[in-house]
Amino acid sequence: MNVLLLGSGGREHALAWKMSASPLLTRLYASPGNPGIGRVADLVKLDVADHSAVAAFCQEKKIDLVVVGPEGPLVAGIADDLRAWGFRVFGPSKAAARLEGSKGFTKDLCTKFDIPTAVYGRFSDIASAKAYVEKAGAPIVIKADGLAAGKGVTIAMTLDEANAALDACFEGAFGAAGAEVVVEEYLTGEEASFFCLCDGATALPFGTAQDHKRVGDGDTGPNTGGMGAYSPAPVMTPEMTERTMREIIEPTMRGMASLGAPFAGILFAGLMITDQGPKLIEYNTRFGDPECQVLMMRLKDDLLVLLNAAVDGQLAHMSIRWSDETALTVVMAARGYPGTPEKGSVIRGLDKAEGEGVQVFHAGTAINGGALVANGGRVLNVTALGKTVGEAQAKAYAAIEHIDWPQGFYRHDIGWRAVEREKTGN
Ligand code: AMP
Ligand code: GLY
């Protein structure tokens, strides 16, 4: 089959790498892709906001499946439009993508269907938001309702910080995404990412991961899109997975269907594992980046078979096999990230870094004058499989030693929590 993959990050490189191993694949196109994706796909330049142009391309190239990587096009309704033109799309409808596109929508769904989450209020005027914050007290969490590229959440440890975050939102720091805010209880516990492959009716667990959001070693410095991840997440024991399915995922699937917006695609639940059990922090309606990279390393089955089954409503008949090994990815970022990254520095040595059980996924790279250069904040994802988290970590960092890129930086402690656990046995 001919497949079109939309997106350009490390997530999409991992998806392209895995799909390219499928005997079902005839031709893979990616738009816009990146040089790593270009090793396994034909790169094409489409305006993803122009849904009819994407449809025309699908017509011309006889595309059998469109796989949408990032959330933006999904929230804008690309899956609906392409389906209306008769194309098969992996990714939720616009109505189902509200699970990511509106935090308030998801919170109200939790209330309606009794899904455990932080206590919250939804506000579209600053005076009532500030009154709620005053009454609830700090610490408290302020969230812009809409898509804000991961920057719309403030964990306010004091009332002053909370009020400043509300001022910023209502003064337009996040544009239309901040015209409404969610104010919610600060949860404590260990975070985990939980993925399900969904076909509108059935949700199949699709792996777990833990991400490292802060830019610096020891979880210090500003938040990022993710500086590294590993899978599986040890905190997601079989019991915790079963509770998450029963208390969070299944009511969400039933709830969305009852609202006329059945969810098909990847449902990515950000969880806080609290003393009382799993609570939903947020939903994303696509794979995580860099979580996808570690999931793809561990997936034993044919990704295209699974994506097809999700599109065709056939997941009730499927099971998914995973490697028992741990996968760990270290993000190499360009100096300046998560602020303004320096672009254009030359990267060498990637061929020496890759080997048995080690893949280097490209995120923000480009080719300039024949050389591979940095072209974004997060640039490379050095990803390794190991029998233990410690082994996967050692392999990933050993691979980084081969990469010659003085202008890049990375965290030196990805997986630390799980490595500690392995050492202490709990
Ligand atoms: P989100 O964009 O909603 O994933 O939020 C970004 C990060 O903020 C999460 O990964 C958590 O680390 C943190 N966070 C969000 N909501 C809460 C909450 N209610 N309590 C504690 N931490 C939170
Ligand atoms: N790594 C977090 C995300 O993809 O949203």
Side-chain angles (χ1 to χ4, degrees), residues 1-9 11-12 14-16 18-19 28-33 41 44 46-103 105-106 109 146-147 149 177 195-204 206 249 252-253 255-269 282-289 292 303-315:
M1 53 195 299
N2 296 326
V3 177
L4 170 63
L5 171 65
L6 299 179
S8 66
R11 165 181 53 208
E12 287 77 20
L15 293 172
K18 193 70 191 163
M19 286 194 286
L28 179 61
Y29 298 90
S31 176
V44 291
L46 298 171
D47 177 1
V48 71
D50 183 349
H51 299 173
S52 61
V54 178
F57 178 85
C58 292
Q59 188 73 37
E60 183 197 328
K61 300 294 183 189
K62 299 190 166 49
I63 298 296
D64 301 294
L65 179 68
V66 181
V67 178
V68 186
E71 62 278 15
L74 295 168
V75 171
I78 197 166
D80 310 63
D81 288 342
L82 292 178
R83 277 184 201 122
W85 274 300
F87 298 105
R88 295 168 70 252
V89 183
F90 179 77
S93 68
K94 183 174 182 168
R98 281 181 297 172
L99 285 174
E100 176 159 5
S102 168
K103 294 191 189 290
F105 171 83
T106 298
L109 183 93
L147 294 185
F195 297 86
C196 284
L197 186 63
C198 305
D199 67 3
T202 300
L204 280 187
F206 200 74
I249 305 295
T252 298
M253 292 298 284
M256 293 301 285
S258 76
L259 297 175
F263 187 89
I266 277 286
L267 187 58
F268 163 3
E282 63 156 4
Y283 275 131
N284 297 302
T285 60
R286 36 102 191 151
F287 281 105
D289 187 345
C292 183
L303 179 63
L304 262 185
V305 169
L306 294 170
L307 300 185
N308 277 319
V311 171
D312 296 337
Q314 296 296 315
L315 288 180

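Each residue takes its place number in the sequence, starting with 1. The figures that follow rest on heavy atoms only: side chains count, while hydrogens, waters and symmetry mates do not.
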- With a 4.5 Å limit on heavy-atom distance, are the side chains of Met19 and Met1 in contact? no
- Value for CG (Leu259) from CG (Leu109), rounded to nearest 0.5 Å, stands at 6.0 Å
- Task: Give a yes or no answer on whether the side chain of Ser31 reaches the backbone of Leu6 with a donor-acceptor pair at less than 3.5 Å.
- Result: no
- Classify the angle between the aromatic ring planes of Phe195 and Phe268 as parallel (below 30°), tilted (30 to 60°) or perpendicular (above 60°). tilted
- Roughly how far apart are Leu46 CG and Cys58 SG, rounded to 0.5 Å? 8.0 Å
- Asp81 with Lys94: basic N within carboxylate O range, under 4.0 Å: no
- Inter-residue atom distance Met256.CE - Thr252.OG1, 0.5 Å rounding: 8.5 Å
- Item | Validation row: Asn308, Phe90 side chains within 4.5 angstrom (heavy atoms) | no
- Evaluate the side chain to side chain contact (heavy atoms under 4.5 Å, CB included) criterion for residues Leu4 and Phe87: first the C-alpha distance (whole Å), next the side-chain angles of each, then the deciding distance (0.1 Å), finally the verdict. CA-CA 11 Å; Leu4 170 63; Phe87 298 105; over 6 Å; no
- Donor-acceptor contact present, side-chain Arg11 to main-chain Gly288, <3.5 Å: no
- Donor-acceptor under 3.5 Å (Ser102 side chain, Gly146 main chain): no
- Item | Side-chain heavy-atom pair Phe263, Thr285 within 4.5 angstrom cut-off | yes
- Item | Atom pair CG (Asp312) and CG (Leu307), whose distance is rounded to the nearest 0.5 Å | 11.0 Å
- Query: side chain to side chain contact (heavy atoms under 4.5 Å, CB included) between His51 and Trp85: does it pass, once the steps are laid out?
  - Reply: CA-CA 10 Å; His51 299 173; Trp85 274 300; 4.1 Å; yes
- Item | Glu100 side chain vs Ala97 backbone, donor-acceptor pair below 3.5 Å | no
- Query: Do Lys103 and Tyr283 have side chains that get closer than 4.5 Å, going by heavy atoms?
  - Reply: no
- Item | Nearest-0.5 Å distance, SG of residue Cys196 to CD1 of residue Ile249 | 4.5 Å
- Query: With no hydrogens and no angle check, is any side-chain donor or acceptor of Arg98 less than 3.5 Å from a backbone partner on Thr106?
  - Reply: no
Enumerate, atom names and distances included, each donor-acceptor pair closer than 3.5 Å involving a side-chain atom of residues 61-76, sequence neighbours excluded.
from	atom 1	to	atom 2	distance (Å)
Asp64	OD2	Asn2	N	2.8
Glu71	OE1	Arg286	NE	3.0

- Is the backbone of Asp199 close enough, under 3.5 Å, to the side chain of Thr202 for a donor and an acceptor to pair up by distance? no
